[in-house]
Amino acid sequence: MNKEKKSSVVSDLVGLVGQYPNFYLVDIEALPADKTSSLRRQCFDKGVKLMMAKNSLVRIALTQIDEEKFSPIFEYLKGNTAIMFAETANVPARLIKDFAKENKPADADKKAKPELKAAYVQESLYLGANKLEELVNVKSKEELIGDILSLLDGPIQGVVSALDSAGGTIHGLLKTLEERG
């Protein structure tokens, strides 16, 4: 890869990290071509951008963005690294978990791929494959808004029904007073 191409890849990575609020570094080494193609298709269907990049170029891009913030990730940049960019925080984690479960290797000693290396999600770093379950359980903005609305729905319904019954009571009282008067 010549210097111009490397520079172009670094600027693309910098742009994508700026464009997407969440990214995952994933090990897909030794994943057969058909499985890799299937993973790419599933990523596309779920709005996740998947790309391969050399570890050294990922390191340069993250250093250009904010070396202090991203330096803990650098030790996870080993082997083949794929990067998953997403708008929704937990979609790549769920995709990794489901894909790895569906495509377990026949050899029990081998780890299922893809495997999480590290992630930057909702302005926090998650380092290591053991953080995958935490990332799966991270709620998206839409899920949090739904939870808040459902929590507010009960009290609002109570207030509305109280106002309706109070309105009926006041109306009935006024009507009774009018008939007497």
Side-chain angles (χ1 to χ4, degrees), residues 9-10 12-62 65-66 69-153:
V9 170
V10 168
D12 288 349
L13 287 169
V14 169
L16 288 168
V17 170
Q19 179 183 349
Y20 291 94
N22 310 294
F23 69 87
Y24 287 63
L25 301 177
V26 182
D27 177 8
I28 62 171
E29 189 173 6
L31 198 63
D34 62 325
K35 302 288 185 191
T36 302
S37 179
S38 175
L39 177 63
R40 286 184 182 278
R41 195 172 318 107
Q42 286 183 31
C43 285
F44 180 79
D45 291 345
K46 298 200 185 241
V48 175
K49 181 168 181 60
L50 176 70
M51 71 179 285
M52 297 296 295
K54 289 187 168 209
N55 292 326
S56 58
L57 299 180
V58 174
R59 182 185 313 267
I60 292 168
L62 295 177
I65 296 166
D66 188 340
K69 178 170 43 174
F70 293 120
S71 63
I73 287 178
F74 297 163
E75 70 180 86
Y76 294 90
L77 292 173
K78 295 178 181 131
N80 290 340
T81 302
I83 307 169
M84 301 172 104
F85 295 97
E87 292 288 337
T88 306
N90 60 5
V91 170
R94 289 179 179 171
L95 203 140
I96 292 166
K97 182 179 179 182
D98 293 344
F99 194 86
K101 188 187 300 182
E102 292 169 9
N103 297 287
K104 286 185 178 177
D107 185 356
D109 294 336
K110 291 185 179 180
K111 293 182 180 179
K113 303 286 180 168
E115 181 181 31
L116 177 69
K117 290 183 175 188
Y120 178 72
V121 174
Q122 296 179 344
E123 300 182 18
S124 296
L125 291 175
Y126 294 83
L127 305 172
N130 60 337
K131 299 293 184 180
L132 183 62
E133 201 58 43
E134 284 179 45
L135 288 163
V136 168
N137 294 322
V138 168
K139 292 199 176 202
S140 69
K141 181 180 176 182
E142 292 77 18
E143 290 170 325
L144 289 173
I145 289 171
D147 287 351
I148 290 170
L149 289 176
S150 66
L151 287 172
L152 293 174
D153 188 43

Give me the atom names and distance for the closest heavy-atom approach of [X] to [Y].
X   : Y   : result
L31 : K35 : CG-CB, 3.7 Å
E75 : P72 : CG-O, 3.7 Å
M84 : V26 : SD-CG2, 3.5 Å

Ring pair (Phe, Tyr, Trp, His ring centres under 6.0 Å): pairs with one or both residues in residues 71-90, sequence neighbours excluded
Y20-F85
If the condition is side chain to side chain donor-acceptor pair (under 3.5 Å), which residues does E133 pass it with, not counting sequence neighbours?
K97
Pairs flagged by salt bridge (charged side-chain N to carboxylate O under 4.0 Å, His left out) wherever residues 120-130 is involved - sequence neighbours left out
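For residues 120-130: none.
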If a pair satisfies salt bridge (charged side-chain N to carboxylate O under 4.0 Å, His left out) and one of its residues is in residues 14-26, list it, with sequence neighbours excluded.
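Every pair satisfying salt bridge (charged side-chain N to carboxylate O under 4.0 Å, His left out) with a residue in residues 14-26: there are none.
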Can you sort out the partners of F23 under ring pair (Phe, Tyr, Trp, His ring centres under 6.0 Å), two or more places apart, ordered by chain and number?
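Ring pair (Phe, Tyr, Trp, His ring centres under 6.0 Å) check on F23 returns F70, Y120.
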Excluding sequence neighbours, so at least two apart, what forms salt bridge (charged side-chain N to carboxylate O under 4.0 Å, His left out) with E29?
none
Please enumerate all residues that pass side chain to side chain contact (heavy atoms under 4.5 Å, CB included) together with Q42, with sequence neighbours excluded.
S38, L95, F99, E102
Rounded to the nearest 0.5 Å, how far apart are CD1 of I83 and NZ of K117?
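Between I83 CD1 and K117 NZ, I get 9.5 Å after rounding to 0.5 Å.
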Going from CG on L39 to CG on D34, what distance comes out if it is rounded to the nearest 0.5 angstrom?
11.5 Å
N/O donor-acceptor pairs under 3.5 Å from side chains in residues 46-62, not counting sequence neighbours:
unit_1	atom_1	unit_2	atom_2	d
N55	OD1	T81	OG1	2.5
N55	ND2	L77	O	3.4
N55	ND2	G79	O	2.8

Per-pair distances, 0.1 Å, donor-acceptor, side chain in residues 86-94, under 3.5 Å, sequence neighbours excluded:
unit_1	atom_1	unit_2	atom_2	d
N90	ND2	V138	O	2.7
N90	ND2	E143	OE1	3.4

